[in-house]
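Index from 1, following the sequence.
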Amino acid sequence: MADAVGKTAEDCGVVIQDDWPGYSLDLFSYPAHYSGDLDCVYIPHGVIMDRTERLARNIMDDLGDSAIVVLCVLKGGYQFSADLVEGIKALSRNSARTIPMRVHFIRLKSYQNDQSTEDLQIVGAEDLSFLFGKNVLIVEAIVDTGKTMKMLLKHVETFRPKMIKVAGLLVKRVPHSVACLPDYIGFEIPNRFVVGYALDYNEYFRDLDHICVISESGKRKYKI
């Protein structure tokens, strides 16, 4: 992705420029049932895995020897969370430092079709009292306006954890952002609707390995 990225500080993530067209679908394998539903492969699976390993190392450097509670935001964050946790575990096995981890799952729902709604639903977060005094790592697949993350952070803070860090695989450059940026960022991307690697469009496309841009025909096909 050499032509797609800009050089920025490490904590800003890998920046994908607005004019990045993505890769031709002909270069990759993907489920045949999505033929015609995608415009391009935006971030290949191998690149995602490499970046996730780097984030795991950054987290290890910052939090090594500190027990943490990983708060995975479902459904879109399950694959990123699983791979990130595996990366941290692998580093712990081969290091004098280690990060004892507990994993808890919550679900946020704020999208219908390709639009974010004002109706944010939090499932599984009614009682997070076990976070009291703990180091918390929230793992989210994508942050766009930041409103959802801001609301979640406010909710988690009411349970008085010792520390809260956020790992986000993707951060979108969108208008009216509230600038609630993760502490660990995988990629900063343009304001395009992407699917795959557990990111969905009305529950479809979670079974794609790569992060792809959905086509207009794909949006029409799976619209509710």
Side-chain angles (χ1 to χ4, degrees), residues 1-25 27-28 30 38-63 72-73 76-88 91 108 110-111 114-116 137-150 152-153 164-201 205-206 208-215:
M1 297 181 65
D3 296 332
V5 302
K7 296 179 180 178
T8 62
E10 173 68 25
D11 59 3
C12 292
V14 177
V15 179
I16 299 178
Q17 304 295 349
D18 289 345
D19 59 355
W20 171 238
Y23 293 101
S24 169
L25 293 166
L27 300 175
F28 298 88
Y30 63 96
L38 304 168
D39 275 343
C40 65
V41 171
Y42 213 54
I43 309 176
H45 183 258
V47 176
I48 298 169
M49 296 302 293
D50 284 349
R51 182 60 186 159
T52 300
E53 180 183 350
R54 178 69 261 179
L55 294 182
R57 289 183 179 276
N58 293 344
I59 293 168
M60 191 74 171
D61 289 342
D62 291 347
L63 305 178
C72 171
V73 180
Y78 80 82
Q79 191 64 65
F80 175 48
S81 180
D83 289 335
L84 185 63
V85 167
E86 282 300 314
I88 294 171
L91 291 171
L108 302 183
S110 62
Y111 266 86
D114 60 348
Q115 299 297 315
S116 180
L137 177 67
I138 297 175
V139 180
E140 171 68 288
I142 188 165
V143 176
D144 42 33
T145 64
K147 293 178 181 177
T148 299
M149 182 54 64
K150 188 174 182 179
L152 177 60
L153 284 170
I164 305 175
K165 295 284 188 180
V166 179
L169 177 63
L170 304 176
V171 171
K172 277 189 184 181
R173 294 189 296 275
V174 298
H176 314 301
S177 170
V178 297
C180 187
L181 295 177
D183 301 280
Y184 307 100
I185 300 173
F187 303 88
E188 181 188 300
I189 66 172
N191 189 18
R192 305 187 71 178
F193 196 88
V194 293
V195 294
Y197 194 66
L199 293 168
D200 77 306
Y201 178 82
F205 300 101
R206 295 195 196 276
L208 277 170
D209 287 335
H210 315 292
I211 291 176
C212 301
V213 176
I214 187 174
S215 66

Quick check: do [X] and [Y] have side-chain heavy atoms less than 4.5 Å from each other?
X: Ile88; Y: Ile59; result: yes
X: Ile43; Y: Leu170; result: yes
X: Leu199; Y: Val194; result: yes
X: Val195; Y: Asp200; result: no
X: Leu84; Y: Leu55; result: yes
X: Tyr184; Y: Val166; result: no
X: Pro44; Y: Tyr23; result: yes

In Å and rounded to the nearest 0.5 Å, what is the [atom1] to [atom2] distance from [X] to [Y]?
X: Met149; Y: Leu153; atom1: CE; atom2: CG; result: 6.0 Å
X: Tyr42; Y: Phe187; atom1: OH; atom2: CZ; result: 11.5 Å
X: Ile138; Y: Lys165; atom1: CD1; atom2: NZ; result: 12.0 Å
X: Leu137; Y: Asp183; atom1: CG; atom2: CG; result: 8.5 Å
X: Arg192; Y: Trp20; atom1: CZ; atom2: CH2; result: 11.0 Å
X: Cys40; Y: Leu25; atom1: SG; atom2: CG; result: 7.0 Å

**OP:** Sort out for me which residue in Arg173, Gln17, Lys172 forms a side-chain hydrogen bond (donor to acceptor under 3.5 Å, both in side chains) with Glu188.
**Re:**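 The residue from Arg173, Gln17, Lys172 that satisfies side-chain hydrogen bond (donor to acceptor under 3.5 Å, both in side chains) with Glu188 turns out to be Arg173.
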
Original post:
Do Leu181 and Val171 pass the side-chain contact (heavy atoms from CB on, under 4.5 Å) test, and can you show the C-alpha distance, the side-chain angles, and the key distance before you say yes or no?
Top reply: CA-CA 8 Å; Leu181 295 177; Val171 171; 3.7 Å; yes

Original post:
Does atom CZ of Arg57 have more than 12 heavy-atom neighbours, drawn from other residues, nucleotides or ligands, at distances under 6.0 Å?
Top reply: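 Counting neighbours around CZ of Arg57, 12 or fewer heavy atoms of other residues, nucleotides or ligands fall under 6.0 Å, so no.
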
Original post:
Step by step, would you call Phe28 with Asp209 a side-chain contact (heavy atoms from CB on, under 4.5 Å)?
Top reply: CA-CA 10 Å; Phe28 298 88; Asp209 287 335; over 6 Å; no

**OP:** Please determine which of Ile211, Val139, Ile185, Ile142 meets the side-chain contact (heavy atoms from CB on, under 4.5 Å) test together with Leu169.
**Re:**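 Of the listed options, the one satisfying the test is Ile211.
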
Quick one: closest heavy-atom pair of [X] and [Y], and the distance?
X: Gly168; Y: Pro182; value: N-CB, 3.7 Å
X: Cys212; Y: Leu208; value: SG-CD1, 4.2 Å
X: Gly76; Y: Ala141; value: O-CB, 3.3 Å

**OP:** Indicate whether the side chain of Asp83 and that of Tyr197 have a donor and an acceptor atom separated by less than 3.5 Å.
**Re:**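 A pair is found: one side chain offers a donor N or O, the other an acceptor, under 3.5 Å apart.
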
